[in-house]
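Let me begin by presenting the structure, written as structure tokens, before commenting on it.
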Amino acid sequence: MDDYWDKLLDGGTPLQCGWITDRFGVTWQIVPRVLSGMLQDKDGVRVAGVMRAMFQMANLDIAGLQRAYEEGQSPSPPLRGRGLG
């Protein structure tokens, strides 16, 4: 992924969320394969965390996206019962 990014960036302009405009004015989005799985997760909190991280990146960082995905887990529901919650 970084190889494609570097080649397109030569004379081009980096944009947000993995987008890049090459030296000919053509706009590309370089996206890691793992991103689609993260964004299709049923846990909306995880998806929101990945989206927030992605919006802060130009060249998408897989490790950073993975951290955001793992940290964005929904909190466990509160315990209910005798004297709990």
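Values below: all heavy atoms of this structure, side chains included; hydrogens, waters and symmetry mates excluded.
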For this session: Consider only side-chain heavy atoms of I, L, V, M, F, W and Y, link residues closer than 4.5 Å, and tell whether Trp19 and Phe55 are in one cluster.
Result: no
In terms of heavy-atom contacts, Cys17 and Leu60 come closest through C-CD2, 3.7 Å
Smallest heavy-atom separation, Ala68 atom then Gly49 atom, equals CB-O, 3.5 Å
Interatomic distance, CD@Glu70 vs CZ@Arg46, rounded to 0.5 Å, equals 7.5 Å
inquiry  = For Leu65 and Val34: C-alpha separation, side-chain torsions, deciding distance, then whether side chain to side chain contact (heavy atoms under 4.5 Å, CB included) applies.
reply    = CA-CA 9 Å; Leu65 294 170; Val34 298; 5.9 Å; no
Here the gap from Asp2 atom CG to Lys7 atom NZ, rounded to the nearest 0.5 Å, amounts to 12.0 Å
Within the 4.5 Å heavy-atom criterion, are Asp41 and Tyr69 side-chain neighbours or not?
yes
Here the gap from Ile20 atom CD1 to Leu9 atom CG, rounded to the nearest 0.5 Å, amounts to 4.0 Å
- Query: Should Val31 and Leu15 be counted in the same cluster of Ile, Leu, Val, Met, Phe, Trp and Tyr side chains packed under 4.5 Å apart?
  - Reply: no
One should read off an interatomic distance between Asn59 CG and Trp5 CH2, to the nearest 0.5 angstrom, of 5.0 Å
Taken to the nearest 0.5 Å, the spacing of Ile62 CD1 from Met1 CE works out to 4.5 Å
Residue pairs passing the side chain to side chain donor-acceptor pair (under 3.5 Å) test with at least one member in residues 27-38, sequence neighbours excluded, are Thr21-Thr27, Asp22-Trp28
When rounded to the nearest 0.5 Å, the distance separating CD of Gln66 from CD of Glu71 is 10.5 Å
